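The structure appears below as structure tokens.
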Amino acid sequence: MTESPTREALKWTNDEMMTVAAARELTSGTVCFVGIGLPSTAANLARASHAPDVVLIYESGCIGAKPDRLPPSIGDGILSRTADAVVSVPEIFAYWLQAGRVDVGFLGAAQVDRFGNINTTVVGEYGSPQVRLPGAGGAPEIATSCSRVIITLRHSPRAMVEKLDFVTSVGHGDGGDFRARLGLPGRGPQAMITDLGVLRCEPESREFVLSSVHPGVEIPDVIEATGWALRVADDVSVTAPPTDGELHALRSFVGA
Amino acid sequence: MTESPTREALKWTNDEMMTVAAARELTSGTVCFVGIGLPSTAANLARASHAPDVVLIYESGCIGAKPDRLPPSIGDGILSRTADAVVSVPEIFAYWLQAGRVDVGFLGAAQVDRFGNINTTVVGEYGSPQVRLPGAGGAPEIATSCSRVIITLRHSPRAMVEKLDFVTSVGHGDGGDFRARLGLPGRGPQAMITDLGVLRCEPESREFVLSSVHPGVEIPDVIEATGWALRVADDVSVTAPPTDGELHALRSFVGA
Amino acid sequence: MARFSSLHDAVAEHIHDGDTVALEGFTHLIPFAAGQEIIRQRRKDLTLVRMTPDIIYDQLIGMGCARKLIFSWAGNPGAGSLHRFRDAVEHSVPHHLEIEEHSHAGMATRYQAGASGLPFGMLRGYAGTDLATITPTISWVTCPFTGENLAAVPALRPDVGVICAQQADRDGNVMMWGITGVQKEAVLASQRSIVLVEEVVDAFSPHTNGVVLPSWVVDDVCLVPSGSYPSYAQDYSQRASAFYSQWEPISKDCEKFLAWMDEHVLATSDHAEFLASLDPALLEDIND
Amino acid sequence: MARFSSLHDAVAEHIHDGDTVALEGFTHLIPFAAGQEIIRQRRKDLTLVRMTPDIIYDQLIGMGCARKLIFSWAGNPGAGSLHRFRDAVEHSVPHHLEIEEHSHAGMATRYQAGASGLPFGMLRGYAGTDLATITPTISWVTCPFTGENLAAVPALRPDVGVICAQQADRDGNVMMWGITGVQKEAVLASQRSIVLVEEVVDAFSPHTNGVVLPSWVVDDVCLVPSGSYPSYAQDYSQRASAFYSQWEPISKDCEKFLAWMDEHVLATSDHAEFLASLDPALLEDIND
């Protein structure tokens, strides 16, 4: 591990680091299925910085949207007006997502487990929930059909759990060749990007292990904030801090 | 039977009579699925005369087309430009035809039998045909899903046969409750309009029987021109001849 | 042919207690005015259908209009929870709410099947999820050619479909553009339909990806300017984002919610009065 | 991203002997120029797919390019038969032609399934017909909710989809309007795609029901003015109806057909030369 700066020295927030790290997963030409919130911010940051030709698809049917400000909703006119094509919702799910035309899907999660399975449905029992969450949305089929999935969420033992209360969207199931056995076409979640670091999917076991910690974060902090016994990669590193260019692009966008 | 004019006295052709008789099957507001040729002519004649609000749907995806001349093809710009909506071909078959939104479908036939089953595929053996015909097109599902079907063809023992060489589109199968047993939603063919007369589907047996002969045509002529033992309705009548208005509308259209 | 009617009359005629009603609008052209009119007319025991139930469904649920909700994502996008929905599911307030939940792809497929006159639709989805175990309307079919197992979902066929569109012409044909979501399918899948429009025009202008519904598949067309407020109607109005963020504290407190509904919905006679009852700041800058 | 190329190069690169090729265009925007370029390059053993094979498929079949035809209606609309097609089926001239036939609804469903990444599609059709017995790609599925039996057809996934559109922009996005048939599905179902356009423009104008295909789902864009001649390209060219009626006697006589193909297709190097080789009367009044 390289020497990390102290928290005090940092000129950016952990959330900004998380967004920047997510944006870096995209390269130019990547076709990316995005929702509102961090995924939209990250994808637009990529488009505004290192990946100008990233193709953004919003599940509202906007293909190739090029917003110059962050839309408050996926129904915003800035998406339909700047898109190369606008199609119906049945079409976006059938002809575009299910057909395997999307390289990267971003998913958030209320709960995630070590195999990248996701719960956005309930905390507690389904029939008598402690917290009723919004539900599935587009996530189950994003998780099924995108070539790869990137999960973004804030690190906490409540969110990164040993066992999900409900499996809304399938990552790698109980690990190994689970996806192949189910015949799921996409490769599933490959990275989990949090405000503390980046977890990556181990090739054989498909378990998520700590791959890098963000500058200023210590490995024990990450382990403590994880609800399962987090394993640390042998070659764990420190995430490259946001560049001035990234920060500038991000802030001009968020401020816009 | 009322007295019929002699052929010599007629100021119109049998084909014109056939088109006029077909047009009369449509009333205002009827939603009608039409192909090129006689069906298009008849439907537009209805629209130009007694049924101004008939809705024409062309299988090319044009809904509510209002051509002011007869289109030479269902791809003609006069259809797409005058239509209320133009949709894709998958949509026209799924959302409009299959969904049961069409009242009347017109079908032609190379061969038809006494139960209104239709062959437009081959004359002779399928594997080594004497005549290879164009094939099914939209007909099988028009026959399945329209509320009722009107068959138009020229009368001849070669066309109106005891047994089809190939069943391309189903009318009433072997008669009776065949359609109900197959779960076919539409009521099937109700009228067969030829250049000699009009055959209608008998309620119980579902056999087509001669309902009216066109002016100048004798019943024995029709029986002779039919390849099956044609039955004649007890109340067989003479088709009302084309009115001056119908003829004028038809000729101005065909000439346009 | 569609009938031009007031929203009051359209709701009174077409939406009955116990009906299955889909007020669709995927993040754009959301028929808020129709939902509030349903509340004014005190409909009960409705089965509400929508991919993305949002504030208007929160209001319908909180006011006790709904017996059941069929949906795929219930939230206040970007602003928080639907607390009336949550209260109903978590604490049976105001009463028990039955739920039937799918994914977006599943709901879209169900509408498509309904619009297509098919009994079911299929998709590659749900495999491995708990949705497949808790939702009885998820089943499976096997491809007769490849043997692949696919998810099957039954067609949606609401009694009434309600949508917003930008325009109707004088014959009652309807046109919408921008993000049109699943609205065409919602109308075509429903037995009856009501379309709220921003404007009635002599002729439509061209819009790429614009969707036209012929008059004869629509029952009632209602001229309701800003009928999708606080949502968008592209080229007519912007989203009133402040309304969405202000909804969070209103929705969270049941008493506050009921007082708000009394003041702004029950005490107003139509959508124009509803808009006039709002803080004028909530209506600024919504012109598109 | 799509590549701008000549039609010669696009056909040379993407269409190989033995490929399954769909040149789609439902009575409008028919890719005649591409079919003739395939003939010029003497492709063999193709499986040709099209809902409405017409004169251009008659030419491909008559010139021996096709091993198999998958179709739903093969005729010369309003003008007569496709005699080269008939000669192939009836008399194996120039050689045996395998056929696989469906209804239009079945073919449209097959393209939709291909575009959707599903192994099959379903429809309410074929029941009681002989098509169901002679076409092995018609099967059945049972609705798991209602027990209804529905027809199942396997997805079409051509190696190459070829269509005509009116315009491309400079990024290679493609736009078509008017009757757009099953062209979007044909491109999305295919492994590779070639789009012929009438014009390259800076920006698209709005067209209601216009269809835009993003550049990244298209392989090659070829600027071929009047590429759908003698068919239509709405707002560019009218149908040359005389060509259709004159085809009947040419197609009927195999010698005459071969001589015609020699003179107008094999002896010309591209579509512009083909057009120049025609009787000028056949090119009159085609501007739209």
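On a predicted model such as this, the values are computed, not experimentally measured, just so you know. Only this structure's heavy atoms are used, side chains among them; waters, hydrogens and symmetry mates stay out.
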| Between B:Ser205 and B:Glu202, a side-chain donor and acceptor under 3.5 Å | yes
| request: Identify which part of C:Val211 has an atom lying under 4.5 Å from any heavy atom of chain B, answering side chain, backbone, both or neither. | output: neither
| message | Shorter than 4.5 Å, heavy atoms on both sides: which option in C:Ser116, C:Ser215, C:Pro214 has the most such pairs with chain B? | response | C:Ser116
| request: Step through it carefully: locate the ring centre of C:Tyr229, locate the ring centre of C:His271, and say whether they are under 6.0 Å apart. | output: no
| query | Taking B:Ile63, B:Asp53, B:Val31 one by one, which has the highest count of heavy-atom pairs under 4.5 Å against chain C? | reply | B:Val31
| field | C:His104-C:Phe26 aromatic ring centre distance below 6.0 Å | value | yes
| Part of B:Val87 lying under 4.5 Å from any heavy atom of chain C | side chain
| Just checking, C:Arg50 and C:Tyr57: is the charged tip under 6.0 Å from the six-membered ring centre and within 45° of the axis? | yes
